[in-house]
Amino acid sequence: MSKGLFITFEGIDGSGKSTQARLLATLMRDYGDGVIHTREPGGSTGAEDIRRLLVEGDPGRWSPETEILLFTAARRDHLERTIAPALADGKVVISDRFADSTRVYQGVARADLRDTVDQLHTLMIGREPDLTFIIDMDPKVALNRGLARNSGEDRFEDMGLQFQIDLRQGFLDLAKQFPNRCHVINGNQSPATVSGDIQTVIESWLL
Ligand code: ADP
Ligand code: TYD
């Protein structure tokens, strides 16, 4: 059993997850140096290699089924090499996305494959975060923010606005399925206000 604290950020593309994960990591480091800030797909050398296959190129490059396998392979490596050792060491792990992204992107929005996602998760990952922040916001604004970054990693943004609308609903439904760990945060606010809302949840969770 791990002793650390595992926090994840989830939500649609461009909703502000990376910004908030970074702010929280900085804030928590003020209270100690045992904080790991990581991301998915990625977070370990092998998983970062798999990331490039997933986020670059044509939207139709992979089927939803193949995506489930690739995201889960990346997650397994991330878990084995980065997350599990840090938690065993009593550290705080803050991850920008984790298994909930596969549940919603591949299990709901790309295709109706939630059972397959869950089975593979049980078989290969078998770990849930202690706390999950779902940054909820207007899909149109988030999509424009995401595309404006011009990151070259727009394969999922290129699936269009309706895809982001379906994702948003998928994340809100997911929050109802896991009410103990999932907290929906209003992302249509300044970064400082969003961060304040997140800190309030963490403070009451730690009490
Ligand atoms: P995500 O990781 O969810 O894709 P990012 O944190 O990378 O989102 O944010 C996407 C873009 O929006 C970035 O350019 C970021 O600076 C900006 N941004 C993040 N949070 C906010 C906010 N609360 N208000 C306005 N812009 C924001
Ligand atoms: P990310 O870099 O977090 O994208 P963004 O900053 O736009 O939110 O994640 C890369 C993309 O991979 C993103 O569009 C969501 C997608 N994704 C899945 O489809 N399934 C998954 O399991 C994960 C972790 C990410």
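Predicted model, so just to flag it, every value in this text is computed and none were measured. Just follow the structure's listing: the first ligand is 1, and inside any ligand the first atom is 1.
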- Message: Taking R76 first and then E80, would you say they form a salt bridge - that is, a charged N and a carboxylate O separated by under 4.0 Å?
- Response: yes
- Does D96 reach ligand 2 with a nitrogen or oxygen that is under 3.5 Å from one of the ligand's nitrogen or oxygen atoms? no
- The option among F156, F98, W62 carrying the non-hydrogen atom nearest to atom 11 (C) of ligand 2 is F156
- Query: Hey, is ligand 1 close enough to S18 that some N/O pair sits below 3.5 Å?
  - Reply: yes
- For atom 1 (P) of ligand 2, the option (of R97, H78, E153, E67) bearing the nearest heavy atom: R97
- In terms of residue, atom name and distance, what is the protein heavy atom nearest to atom 23 (N) of ligand 1? Q189 O, 2.8 Å
- Using a heavy-atom cut-off of under 4.0 Å, does the side chain or the backbone of R51 touch ligand 2, or both, or neither? side chain
- Task: Using distance alone, decide if ligand 1 has a nitrogen or oxygen within less than 3.5 Å of any nitrogen or oxygen in K17.
- Result: yes
- To atom 23 (C) of ligand 2, the nearest of Y105, F163, F9, F71 on a heavy-atom basis is F71
- Is R181 close enough and on-axis enough to F178, meaning under 6.0 Å and within 45°, for cation-pi? yes
- Message: We want to know whether H78 and E48 form a side-chain donor-acceptor pair, criterion being a heavy-atom distance below 3.5 angstrom.
- Response: no
- Stepwise side chain to side chain contact (heavy atoms under 4.5 Å, CB included) check, D100 with T132: CA-CA 9 Å; D100 292 330; T132 297; 3.6 Å; yes
- Message: Is a donor from one side chain sitting under 3.5 angstrom from an acceptor on the other, for E10 and S101?
- Response: yes
- Numbered atoms of ligand 1 (with element) below 4.0 Å of P191, judged on heavy atoms: 21 (C), 22 (C), 23 (N), 24 (N)
- Query: What is the closest protein heavy atom to atom 19 (O) of ligand 2, and at what distance does it sit?
  - Reply: Q106 NE2, 2.9 Å
- Note on the structure: To atom 22 (C) of ligand 1, the nearest of E157, R22, R145 on a heavy-atom basis is R145
- Looking at R75, R51, R97, which hits salt bridge (Lys or Arg N to Asp or Glu O under 4.0 Å) with E40? R75
- Item | side chain to side chain donor-acceptor pair (under 3.5 Å), paired with R114, selected from D112, D118, T116 | D118
- Message: With the threshold set at under 4.0 angstrom, would you say R75 reaches ligand 2 through any of its heavy atoms?
- Response: yes
- Message: Could you check whether D89 pairs with K91 (Lys NZ or Arg NE/NH1/NH2 to Asp/Glu carboxylate O, under 4.0 Å)?
- Response: yes
- Query: Between the candidates R97, R149, E153, which shows the shortest non-hydrogen contact distance to atom 7 (O) of ligand 1?
  - Reply: R149
- Task: Please confirm whether G11 comes under 4.0 Å of ligand 1, counting heavy atoms of the residue only.
- Result: no
- Message: Checking side-chain polar atoms at under 3.5 Å, does S44 have a donor or acceptor matched by the opposite partner on T82?
- Response: no
- Specify side chain, backbone, both or neither for Q164, according to which of its non-hydrogen atoms lie closer than 4.0 Å to ligand 2. neither
- Item | S190 neighbourhood, listing ligand 1 atoms whose heavy-atom distance to it stays under 4.0 Å | 23 (N)
- Does ligand 2 have an atom that lies less than 4.0 angstrom from a heavy atom of L54? no
- Query: Between F71 and Y105, does the ring centre distance come in under 6.0 Å?
  - Reply: no
- Task: Give the C-alpha distance, both sets of side-chain angles, the deciding distance and a yes or no for ring-ring contact (aromatic ring centres under 6.0 Å, His included) between F9 and F98.
- Result: CA-CA 8 Å; F9 283 85; F98 188 65; over 10 Å; no
- Query: Does an N or O anywhere in E157 fall below 3.5 Å from an N or O of ligand 2?
  - Reply: yes
- Note on the structure: In ligand 2, the atoms that come under 4.0 Å of a heavy atom of V55 are 10 (C), 11 (C)
- For ligand 2, note which part of T102 has a heavy atom under 4.0 Å away: side chain, backbone, both or neither. both
- Item | Any N/O pair V194/ligand 1 closer than 3.5 Å | no
- Query: Looking at G187 and I135, what are the two nearest heavy atoms and their distance?
  - Reply: CA-CG2, 3.7 Å
- Note on the structure: In terms of its nearest heavy atom to atom 6 (O) of ligand 2, the top option of R149, R110, R103, K17 is R149
- Judged by modelled atom types alone, do D173 and Q169 share a side-chain donor-acceptor pair under 3.5 Å? yes
- At what distance is the nearest protein heavy atom to atom 8 (O) of ligand 1, and which residue and atom is it? G16 N, 3.0 Å
- Message: Evaluate D13 for polar contact with ligand 2, using N/O atom pairs at a separation under 3.5 Å.
- Response: yes
- Message: Is it true that D96 and Q20 share a donor-acceptor pair across their side chains at a distance under 3.5 Å?
- Response: no
- Note on the structure: Among I135, N186, T19, the residue with a heavy atom nearest to atom 9 (O) of ligand 1 is T19
- ligand 1 versus Q20: contacting region, heavy-atom distance under 4.0 Å: neither
- Taking the side chain as every heavy atom from C-beta outward, state whether Q199 and L27 have any pair of such atoms under 4.5 Å apart. yes
